[in-house]
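Have a look at the structure below, then the notes.
Only a predicted model underlies this, so the values are computations on that prediction, with no experimental measurement involved. Indexing begins at 1, ligand by ligand and atom by atom, following the structure's order.
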Amino acid sequence: MARLLQIPLLLLTTLSLVTQAQENQEVWRKFIDIEQDHAFFPETLQFAIQQYNKDSNDEYLYQMTQLIRAQEQLSRGFEYLVNMELSRTMCTKDVGFDPDDCGLQKDPELYKVINCTFFIFAVPWDRQYELRSSNCTNI
Ligand SMILES: *[C@@H]1O[C@H](CO)[C@@H](O)[C@H](O)[C@H]1NC(C)=O
Ligand SMILES: *[C@@H]1O[C@H](CO)[C@@H](O)[C@H](O)[C@H]1NC(C)=O
């Protein structure tokens with residue numbers, strides 16, 4: 001009888017662990033500062049900037065011109081908190097979403113630099129990248 005009871009208990013425990021992980025409550029290591037070339041970070045950041053450009057209402061693409069601070073936390077995947085300066089390029093969005101080959105705006109009327117904080121979630125080995133939030137202010 002005791003053995004029969006153990007099974008549902010084990011199942012319940014397993015289920016609640018899975019649920020907790022999905023809700024991202026399980027943090028294995030809290031935020032630490034990382035360098036720009038930290039493992040998995042460059043491709044994650046590139047994805048996030050492309051996603052930001054897709055989502056933005058601006059006619060032009062933005063490019064990172066300065067990384068101010070990057071932090072990484074480990075949970076079910078990698079969580080990144082990134083503060084950076086993005087600048088408006090001369091490329092309009094209809095050319096695609098890779099701003100790296102674009103020159104910065106020279107027109108003083110269009111020149112614009114913004115200060116952004118991104119929260120990114122990534123499971124790089126599953127090619128899963130999500131820009132969970134972005135908050136940019138004009139500089
Ligand atoms: C950019 O934003 C960060 C985070 O909100 C803030 O700490 C920093 O002072 C800002 N820098 C400028 C130049 O506005
Ligand atoms: C966005 O950043 C500004 C300036 O740092 C801050 O006042 C505001 O609360 C932030 N908004 C969100 C949704 O985090």
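More than 12 heavy-atom neighbours from other residues, nucleotides or ligands sit within 6.0 angstrom of CH2 on Trp125. Annotation for Lys30: atom NZ does not count as buried by contact number, only 12 or fewer foreign heavy atoms lying within 6.0 Å.
Two residues are said to be in side-chain contact when any heavy atoms from C-beta on lie closer than 4.5 Å; Asn115 and Ile68 meet this criterion. In this structure the side chain of Phe78 never reaches within 4.5 angstrom of the side chain of Phe121, judged on heavy atoms.
Of all protein heavy atoms, the one lying nearest to atom 4 (C) of ligand 2 is Thr137 CG2, 4.0 Å. The closest protein non-hydrogen atom to atom 10 (C) of ligand 2 is Asn135 ND2, 2.3 Å. Closest protein heavy atom to atom 5 (O) of ligand 1: Thr117 OG1, 4.2 Å.
Taking a distance limit of 4.0 Å, we find that atom 7 (O) of ligand 2 is approached by no protein heavy atom. Of the protein's heavy atoms, at least one falls inside 4.0 Å of atom 2 (O) of ligand 1.
Looking at Glu72 and Arg29, a side-chain N of the basic residue comes within less than 4.0 Å of a carboxylate O on the acidic one, giving a salt bridge.
Residues Tyr80 and Phe118 keep their aromatic ring centres 6.0 Å or farther apart.
At a 4.0 Å heavy-atom cut-off, ligand 1 does not touch Ile68 at all.
If you number the atoms of ligand 1 from 1 as listed, the ones under 4.0 Å from a heavy atom of Asn115 come out as 1 (C), 2 (O), 3 (C), 8 (C), 10 (C), 11 (N), 12 (C), 14 (O).
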